[in-house]
Amino acid sequence: MTASLKRLPEADRPRERLLRLGPEQLSDVELLAILLGTGSRGQSVIEVARDLLHHCEAKDPGGGLRALLHLRDVDKKELVKGLGPAKVCTILAGLHLGLRAAAAPIRQVELSNPRAVYEYLAPRLAHLTREEFHVILLTAKNHVIAVECVSEGTLTASLVHPREVFKAAIRRSAHAVILAHNHPSGDPTPSREDREITRRLVQAGRVIGIEVLDHVVVGKGRYISFRERGLLTG
């Protein structure tokens, strides 16, 4: 990290902002700076990223980020200060991975019952040594849009707040959600805190119009579904 970037408060640095806020909240310059990784002598990585975008805009007015795809046509000299062939390769690799990901067919996972939810989440939750609370975002046909980790550590009402649980659901226009968390002990029996958190989230979902379909507690080789047990009340 260059000296000028070190002077920024840690919370304002691109990587820290991405981890805290998600990539959607970062500017084009910040995302490009993360790809570049480092700046040059006397210039922060933010300044190098900004100079590159200005350079591309001058070459292709109105081209925006698409102009970065034409970096392959450059020779081996620096386009802008601090940007040599190695960093050009990094940018092109990142851009084309994004293009391929966007064009890849989406495997639609349908979670129509608690067993399917358990089998979907067990590979990522059952082996953990601490609790994680996840929210599965669903379409109207119960197809998975995304899975968001809301909190890590012993679950409390303060950690699992409705604002955090439903923020991604609102942003991604989810029709419904399924709540899930693991018990590192292996015993999926819901605790009093689990029941209270579920009650609050079911109530919040009703207010904002996003239904909580279930809360699945993942143990070792077994699970408990709040819906199956008649515990999904609010």
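Sorted by first and then second residue, the ring pair (Phe, Tyr, Trp, His ring centres under 6.0 Å) pairs with a member in residues 183-206 read H181-H183; sequence neighbours excluded.
Among residues two or more places apart in sequence or in another chain, the side-chain contact (heavy atoms from CB on, under 4.5 Å) test is passed with L95 by L68, L69, I91. Annotation: ring pair (Phe, Tyr, Trp, His ring centres under 6.0 Å) contacts of F166 (sequence neighbours excluded): none. In terms of the side chain to side chain donor-acceptor pair (under 3.5 Å) criterion, residue partners of S191 (sequence neighbours excluded) are, by chain and number, D194. With sequence neighbours left out, the side chain to side chain donor-acceptor pair (under 3.5 Å) criterion links R130 to E152. Residues passing the side-chain contact (heavy atoms from CB on, under 4.5 Å) test with L18 are P23, L26, L31, I34, sequence neighbours excluded. Taking D187 as the reference, T189 meet the side chain to side chain donor-acceptor pair (under 3.5 Å) condition, with sequence neighbours excluded. Partners of A93 by side-chain contact (heavy atoms from CB on, under 4.5 Å), not counting sequence neighbours: none found. In this structure, the side-chain contact (heavy atoms from CB on, under 4.5 Å) partners of P188, at least two apart in sequence or on a different chain, are V217, R222, I224. Remark: S112 pairs with no residue by the side chain to side chain donor-acceptor pair (under 3.5 Å) rule, at least two apart or across chains. Listed by chain and number, the residues in a salt bridge (charged side-chain N to carboxylate O under 4.0 Å, His left out) with K167 are E164 (sequence neighbours excluded).
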Mind listing the side-chain donor-acceptor pairs of residues 137-150 below 3.5 Å, one per line with the distance, residues two or more places apart or on another chain?
unit_1, atom_1, unit_2, atom_2, d
T139, OG1, K141, N, 3.2
T139, OG1, H143, N, 3.1

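The distance from atom CD of E131 to atom OG of S151, rounded to the nearest 0.5 Å, is 8.5 Å. Separating the CZ atom in R206 from the CD atom in E211 is a distance of 8.5 Å, to the nearest 0.5 Å. Rounded to the nearest 0.5 angstrom, Q203 CD and I208 CD1 are separated by 12.5 Å. To the nearest 0.5 Å, atom CG of residue L213 and atom CG of residue N113 are 12.0 Å apart. If you take CG on L201 and CZ on F133, they are separated by 5.5 Å, rounding to the nearest 0.5 Å. Here CG of D214 is found 9.0 Å from OH of Y223. Values are rounded to the nearest 0.5 Å.
Between P162 and R200, some side-chain heavy-atom pair lies under the 4.5 Å cut-off. Side chains of D51 and H55 form no contact here, defined as non-hydrogen atoms less than 4.5 Å apart. Here the side chains of V177 and V212 are in contact, with some heavy-atom distance below 4.5 Å.
Between the N182 side chain and the E132 main chain, a donor and an acceptor come within less than 3.5 Å of each other. Within the 3.5 Å criterion, the main-chain N or O of A116 finds no donor-acceptor partner in the side chain of E119.
The two residues S225 and E228 have their closest heavy-atom pair at OG-N, 3.1 Å. Taking each heavy atom of G219 and A126 in turn, the nearest pair found is O-CB, 3.9 Å. Contact record, A180 with L121: CB-CD1, 3.2 Å, taken as the closest heavy-atom pair. Closest of all the heavy-atom pairs between Q25 and E30 is O-OE1, 4.5 Å. In plain terms, the two heavy atoms of A33 and I46 that are nearest each other are CB-CD1, 3.9 Å.
Side-chain heavy atoms closer than 4.5 Å link hydrophobic residues (I, L, V, M, F, W, Y) into clusters, and following such links, possibly through other members, connects I170 to L179. Residues V117 and L128 share a single hydrophobic cluster, defined by chaining ILVMFWY side chains whose heavy atoms lie under 4.5 Å apart.
Of the charged side-chain nitrogens involved, at least one lies within less than 4.0 Å of a carboxylate oxygen, so that E196 and R199 count as a salt-bridged pair.
Within a 6.0 Å sphere centred on CZ of R15, heavy atoms belonging to other residues, nucleotides or ligands number 12 at most.
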